[in-house]
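Notes follow once the structure below has been shown.
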Amino acid sequence: MRTVAFVDGVRTPFGKAGDKGIYAGTRADDLVVKVIRELLRRHPELPPERIDEVAIAATTQIGDQGLTIGRTAALLAGLPRSVPGFAIDRMCAGAMTAVTSVAGGIGIGAYDIAIAGGVEHMGRHPMGEGVDPNPRIVADKLVDPTALVMGQTAENLHDRFPAITKERADAYAAQSQERYAEAVKTGKIGPELVPVAIRNAELGWGLATEDEPPRPGTTVEQLAKLKTPFRPHGRVTAGNAAGLNDGATGAILADEDTARELGLPVGMRLVGYSFAGVDPEIMGVGPVPATEKLLARTGLSISDIGLFEINEAFAVQVLAFLDHFGIDAADPRVNPWGGAIACGHPLASSGVRLMTQLSRQFAERPDVRYGLTTMCIGLGMGGTVIWENPAYDGSKK
């Protein structure tokens, strides 16, 4: 097996879904095109004809997110017609699965270099648009009916783990907003963003240069007053969950020897990945068995992980993971730059956001050898990827 390198990742600013969001007048495939072009602009040392594959994920593969978007986006971005592409769907872990799919190809020698990423325009395509779930899923009681509504699965997770109270979830959410705001202020978040030209029917053309969803200055007291839309007197609110968002991400993956040959940077090395299934009605617990499975495969322990990038679909889901592994919610290793509760979660795109941030954190943390990206996945799954820091210096630990 060859060593798989994460070369670099970029993303568009994330927007709020809906008619008033920054991307209301922007096509989903154009967001992907912008990301691909930016990757090539930042890496002129990469000949476009050397790209062996383009894998782009979307949860709702319809309209401007359909038509084998990996291929169509590659053509629209101006890649040579010899470069193939495909679309992929694993709900929230779409971009993560795009990365692991091409990484497997690189590892066995099928590819040398690939682009992987994801897009979700939830304003144009709400999750579930156009789908026709088989009635047996509910009629035959294959899953609890709440499994099809992500917010209700988060309420179910609160039921399963009563120690995770609404107060704890709100406190974690406020922390995410605070850490994100600090990361923006100090320039940690920003360099990976691709400015996107946007059009508003009333205001004309503009430029999206920063994430739209964050609510800096959010307090626990403010969060405590929010409604619980998924259950009367529930615990899940718009404040302790990620919102409905639009955005795209992309990354270059390569065989490490090929990257060195071309002069491409190596941001991190793939150690391993794992996906696991859980009861769909508590899908938020998915990262736990996925991580357990991967630690067993790699021979690592949770104490070996120096940085964690956990997708914040819901605060309760992150807290369930941390409680399981005995990690404090305020641990500085966990989402040090905040997470999706602050910046947004455009479903299939989020996996590469986690990886891009971890790679950039590695560059300034030579004392950390291993990092982990993990996320829960709709319909009852979890995915985890462990990465190694090429800048690791054991003497600085």
Side-chain angles (χ1 to χ4, degrees), residues 14-18 21 59 91-93 120 122-123 126-128 146-162 164-181 211-247 280-287 309-323 329 334-335 337-351 353-354 374-382:
F14 288 168
K16 294 180 180 180
T59 300
M91 297 197 78
C92 301
E120 211 72 53
M122 300 181 76
M127 185 168 62
T146 58
L148 302 179
V149 181
M150 298 303 104
Q152 291 183 13
T153 69
E155 288 285 7
N156 292 342
L157 203 57
H158 273 289
D159 292 342
R160 181 67 62 94
F161 301 107
I164 305 177
T165 62
K166 182 179 183 298
E167 289 72 25
R168 286 185 63 196
D170 286 348
Y172 181 85
Q175 173 183 283
S176 180
Q177 295 282 357
E178 181 181 357
R179 288 185 176 184
Y180 172 88
D211 293 322
E212 187 179 23
R215 299 178 294 274
T218 296
T219 65
V220 173
E221 291 74 23
Q222 291 170 332
L223 293 172
K225 299 175 183 178
L226 297 179
K227 296 179 180 179
T228 58
F230 302 105
R231 184 186 296 180
H233 310 292
R235 293 139 298 191
V236 179
T237 72
N240 59 33
L244 304 179
N245 305 111
D246 308 329
E281 55 269 24
I282 52 166
M283 65 93 194
V285 80
E309 278 293 325
I310 307 172
N311 191 46
E312 297 172 355
F314 301 94
V316 62
Q317 156 251 316
V318 179
L319 294 171
F321 178 92
L322 298 178
D323 284 2
V334 178
N335 292 5
W337 298 350
I341 288 173
C343 70
H345 172 32
L347 301 184
S349 71
S350 289
R353 178 188 69 81
L354 303 176
T374 189
M375 59 200 317
C376 62
I377 309 167
L379 299 181
M381 293 179 283

For the pair Phe314 and His158, evaluate side-chain contact (heavy atoms from CB on, under 4.5 Å) and give the outcome as yes or no after the intermediate values.
CA-CA 11 Å; Phe314 301 94; His158 273 289; over 6 Å; no
Short N-O contact, Asp211 and Arg353, less than 4.0 angstrom:
no
State, with a plain yes or no, whether a side-chain heavy atom of Leu319 is found less than 4.5 Å away from one of Phe161.
no
Would you indicate whether the side-chain heavy atoms of Lys16 and Asp246 approach each other to under 4.5 Å?
no
How would you list, by chain and number, every residue that makes a salt bridge (Lys or Arg N to Asp or Glu O under 4.0 Å) with [X], sequence neighbours excluded?
{"X": "Glu212", "value": "none"}
{"X": "Asp159", "value": "Arg231, Arg235"}
{"X": "Arg179", "value": "none"}

Under the side chain to side chain contact (heavy atoms under 4.5 Å, CB included) rule, collect the residues that match up with [X], sequence neighbours excluded.
{"X": "Met381", "answer": "Arg90, Ile377"}
{"X": "Ala181", "answer": "Pro216"}
{"X": "Gln152", "answer": "Thr146, Val149, Phe230"}

Taking CZ in Arg168 as the centre, count heavy atoms belonging to other residues, nucleotides or ligands within less than 6.0 Å. Is the count above 12?
yes
If you count every heavy atom of other residues, nucleotides or ligands that lies below 6.0 Å from Leu322 atom CG, does the total exceed 12?
yes
Which residues share a ring-ring contact (aromatic ring centres under 6.0 Å, His included) with Phe321, sequence neighbours left out
Phe325
Look up atom CG in Leu354 and atom CD in Glu309, then write down how far apart they are to the nearest 0.5 Å.
6.0 Å
Between the CD1 atom in Ile282 and the SG atom in Cys376, the distance rounded to the nearest 0.5 Å is 11.5 Å
Who pairs with [X] by side chain to side chain donor-acceptor pair (under 3.5 Å), at least two apart in sequence or on another chain?
{"X": "Ser350", "value": "His345"}
{"X": "Asp170", "value": "Lys166, Asn240"}
{"X": "Gln177", "value": "none"}
{"X": "Thr218", "value": "none"}

Taking all atoms of both residues into account, what is the closest heavy-atom pair of [X] and [Y], and its distance?
{"X": "Pro214", "Y": "Cys343", "value": "CG-CA, 4.2 Å"}
{"X": "Phe14", "Y": "Pro213", "value": "O-CD, 3.2 Å"}
{"X": "Pro287", "Y": "Thr374", "value": "CB-OG1, 3.2 Å"}
{"X": "Ala315", "Y": "Tyr172", "value": "CB-CD2, 4.1 Å"}
{"X": "Met375", "Y": "Cys92", "value": "CE-O, 3.0 Å"}
{"X": "Ala147", "Y": "Leu379", "value": "O-CD2, 4.5 Å"}

Sub-3.5 Å donor-acceptor pair from the side chain of [X] to the main-chain atoms of [Y], do we have one?
{"X": "Thr153", "Y": "Met150", "value": "yes"}
{"X": "Asn245", "Y": "Ala17", "value": "no"}
{"X": "Glu120", "Y": "Thr59", "value": "yes"}
{"X": "Gln175", "Y": "Ala329", "value": "yes"}

Please determine whether side-chain contact (heavy atoms from CB on, under 4.5 Å) holds for the pair Thr237 and Lys227, giving the CA-CA distance in whole Å, both sets of side-chain angles, and the decisive distance to 0.1 Å.
CA-CA 6 Å; Thr237 72; Lys227 296 179 180 179; over 6 Å; no
Before you tell me yes or no, could you show the steps for Leu157 and Ile164 under side-chain contact (heavy atoms from CB on, under 4.5 Å), namely the whole-Å CA-CA distance, both residues' side-chain angles and the distance that decides it to 0.1 Å?
CA-CA 9 Å; Leu157 203 57; Ile164 305 177; 5.9 Å; no
With side-chain contact (heavy atoms from CB on, under 4.5 Å) as the test, would you mind laying out the steps for Ile310 and Gln317 before giving the verdict?
CA-CA 9 Å; Ile310 307 172; Gln317 156 251 316; 3.7 Å; yes
